[in-house]
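A quick write-up on the structure given underneath.
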2 protein chains.
Amino acid sequence: MVSASGAESRKVTINDVARSAGVSRQTVSRALNDKDEIDSDTKQRVLDAARALGYRPSRFARGLVRQDTMTIGLVIPDLLNPYFTEVAASALEAARTHGWHVVVYDTADRAEEELGTLQVISSQVDAVIGYFSCSDSELEAFTRGMPVVLIGREGRSTRFSSIRIDGREGVHAAVAHLVAKGHTRIGMVDHQARAEPSIRHTWFTAAAAAHGIDGGMVVGADQTADGGGAALRELLTAHPEVTAVFTFNDIIAIGALREARRLGRSVPQDLAVIGFDGLQLGALMEPPLTSVALDTRQLGVLAIEQVARLLSDPRTLAVEDLVVHAELRLSGSA
Amino acid sequence: MVSASGAESRKVTINDVARSAGVSRQTVSRALNDKDEIDSDTKQRVLDAARALGYRPSRFARGLVRQDTMTIGLVIPDLLNPYFTEVAASALEAARTHGWHVVVYDTADRAEEELGTLQVISSQVDAVIGYFSCSDSELEAFTRGMPVVLIGREGRSTRFSSIRIDGREGVHAAVAHLVAKGHTRIGMVDHQARAEPSIRHTWFTAAAAAHGIDGGMVVGADQTADGGGAALRELLTAHPEVTAVFTFNDIIAIGALREARRLGRSVPQDLAVIGFDGLQLGALMEPPLTSVALDTRQLGVLAIEQVARLLSDPRTLAVEDLVVHAELRLSGSA
DNA sequence: AGCGGTCCCGTGAACGCTCACGGGAGCGCT
DNA sequence: AGCGCTCCCGTGAGCGTTCACGGGACCGCT
């Protein structure tokens, strides 16, 4: 914690301006906030004095007396992952329509940063939106009495609101599509989970079973393109017969796409690839990425709206079922 | 213990907790801030009371009395553009080492939003970092007496600090590379500037002139992949003889890459493409993007460090020349 | 002269918290 | 008993701003 103001001059307050302009602090306040009940000459004099002194009103004092400033914290694991960026962008925009401020925290996908961020955030924002991997109880401990909206989290606590991402049908459609194309050996590159496999993996195995094919060829990957590439190599080494892969998300898929190219496998002829998320980025790939796409824009908006609801009535909780459906969007890679 | 806080209950303060626990507010403060001079039993009692009441300290009141919370505003034109995301990510990380908070504002690349954001920001943050297209005087009007660090802005005001991006040599090297490869008809896809052509265009024409080739084949594009694609088509229609293009940035270059593919021109054989920025994203393209790369990580760090300097000594200003050099990074596309 | 109204402007209070100080209770020691 | 010390705890003040109120000055009208 570095001391904030190292400057030598102490802060200049409204009283300094008042004294300098020869008026009361209330008159200064009137001038600055553009209210009436003030003579235009004195107003100008006050404004001049304020500028001369370099006066800037304290946001803390102002916030203390008028309760109209809302700041919500947005916690995401990795700003460099376009998926989170898309969500963040839409959340930012939705927040702006409410006149709310958004402070962004990047936890770098590390659990300890998550806790530290939570610690800090709890005393700095009025509500929290984000992706968390920590336990409900840890979350609860830091966000006591604060609206919390979780995204893409499965364990449905009654304490927090959460926006569920439902890709069951989308993944089913993806597998169906692959099967229709003649693929019978379909692998999956899952997220390198902390412990258990992801829900998307569950959807995949279910879909595979429904089509009577083997859903057991799975490897884990970091949520990066490089991670996806390495995982694909691993998968193909273990199971050379694989002709199609479904990946945890688009970033991993993109890495797999590149790795396939390096291995001399052309997509989609030698290897079909289907991602998850439907990032705009996928459309730029060669071939364009087929993906089980979800509406990230809607995600951000939904999160903000839920915060608004929680704020106006804390008992709203998670009674309403917030869900974003992901559906198969066909493109070149499968 | 039901949280009796109905929808319309007023905020619970430290005094409520004190009353509920049968102690003074100071004792409550001691318990919550983990200070000593308090019995462990009373401490626990206070903590329990606080939790029961759903008490959360006011960040305004706390910020008013202890001046240790720094919030800096980061203003970027478009969060969906990976370039700005990379800068934002590094700035976020650098800010964290100072214990500072960063609120992000996306101006959607619109001038009016920029002004509105500036308006709002001026009373909500302690310093501003960002990309602005508005005039110095407008900027000055809103940020009076506040540290401001501009990125990639050319007009060097003495009022603000600014981090200059120097790509002159990098662009020169890019053109030299293309010429060495036998290209003589080199076009450029510039940014659709508000009025005047970009500084990068200036570098390009200078480099072209230095190599005795025509630097006049230029078209403008939106800062999107689609914009880049459309611009390339426009360029090739007007100048079919072009065999290489330099683009304002990587996003545009990526769009051009895709468009070239659609037009049946293979890269780099039929058309060489060189971008600017050196985004990580470029490495995922096919072929990987050659670019005049700059260190976005360093950019964010530099900006934060400059804020720190301005804060400790406001007279620092822009005396020091802050600059990030961009240099040619060869890859597949040229 | 008296009254009502408009136009300015200033004074106390409040917002919720922390800091600096003061002080009582209990203990051991001379 | 008197002194000093430690351990807790509470009281006043103040952070910088806005809100609610009060009031003086001036004008016009009856």
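Every chain is numbered from 1, with letters handed out A, B, ... down the list of sequences.
- Residue B/Asp36 is classed as having no contact, given no heavy-atom separation below 4.0 Å to the nucleic acid.
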Assess whether side-chain hydrogen bond (donor to acceptor under 3.5 Å, both in side chains) is satisfied between A/Arg59 and B/Thr71, documenting all intermediate values. CA-CA 11 Å; A/Arg59 69 168 179 282; B/Thr71 302; 3.3 Å; yes
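- A straight line from CD of A/Gln26 to P of D/dC19 spans 8 Å, rounded to a whole angstrom.
- The listed nucleotides are D/dC19, C/dC17, D/dT17; the one nearest the side chain of A/Ala61 is D/dT17.
- A salt bridge links A/Asp136 to A/Arg153: one of the charged nitrogens lies within less than 4.0 Å of a carboxylate oxygen.
- Rounded to an integer number of Å, the gap from CG of B/Asp39 to C1' of C/dG24 is 16 Å.
- The OG atom of A/Ser20 sits 4.5 Å away from atom CG of A/Leu53, with the distance rounded to the nearest 0.5 Å.
- Phosphate proximity of D/dT18 to A/Ser29: present, with a side-chain N or O under 4.0 Å from OP1 or OP2.
- For A/Lys35, a side-chain nitrogen or oxygen approaches OP1 or OP2 of D/dC19 to under 4.0 Å.
- Heavy-atom nearest nucleotides on DNA chain D were determined for B/Leu64 and for B/Ser24, and the one closer to the 5' end corresponds to B/Ser24.
- In this structure, CZ of A/Arg19 is placed 16 Å from C1' of C/dG10, rounded to the nearest angstrom.
- Side-chain proximity of A/Arg62 to C/dC15, D/dC15, D/dT17: nearest is D/dT17.
- For the pair B/Asn33 and C/dT18, the criterion of a side-chain N or O lying under 4.0 Å from OP1 or OP2 is met.
- The base of C/dC15 lies outside donor-acceptor range of the side chain of A/Gln67, with no N or O pair under 3.5 Å.
- Rounded to whole Å, the distance from CG on B/Asp41 to P on D/dC8 is 10 Å.
- Counting to the nearest Å, the P atom of D/dT17 and the CZ atom of A/Phe60 are 12 Å from each other.
- Looking at A/Arg45 and A/Asp48, no side-chain N of the basic residue comes within less than 4.0 Å of a carboxylate O on the acidic one, giving no salt bridge.
- For B/Arg25 against D/dG12, a side-chain N or O and a base N or O form a donor-acceptor pair under 3.5 Å.
- A donor and an acceptor atom sit less than 3.5 Å apart, one in the side chain of A/Arg30 and one in the base of C/dG10.
- B/Ile14 has its CD1 atom 13 Å from the C1' atom of C/dC15, to the nearest Å.
- Residue B/Thr27 places none of its side-chain N or O atoms closer than 4.0 Å to OP1 or OP2 of D/dC9.
- Residue B/Ser58 has no polar side-chain atom (N or O) positioned under 4.0 Å from OP1 or OP2 of C/dC15.
- Rounded to an integer number of Å, the gap from NZ of B/Lys11 to C1' of C/dC17 is 12 Å.
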Determine, step by step, whether B/Gln124 and A/Thr69 satisfy the side-chain hydrogen bond (donor to acceptor under 3.5 Å, both in side chains) criterion, reporting the C-alpha distance in whole Å, the side-chain angles of both residues, the deciding distance to 0.1 Å, and the verdict. CA-CA 9 Å; B/Gln124 291 294 344; A/Thr69 30; 4.7 Å; no
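- Comparing atom distances between the B/Thr42 side chain and each of D/dT18, D/dC9, C/dG16 picks out D/dC9 as nearest.
- One finds no side-chain N or O of A/Thr13 lying less than 4.0 angstrom from the OP1 or OP2 phosphate oxygen of D/dG16.
- Here the side chains of A/Glu140 and A/Phe160 are in contact, with some heavy-atom distance below 4.5 Å.
- Between the P atom of D/dC15 and the CG atom of A/Asn15 lies a distance of 9 Å, rounded to the nearest Å.
- In this model, a side-chain donor or acceptor of B/Glu37 finds a partner on the base of D/dC9 within 3.5 Å.
- Residue B/Ile38 is in sugar-phosphate contact alone, with no base atom involved, counting any heavy-atom pair closer than 4.0 Å across all strands shown.
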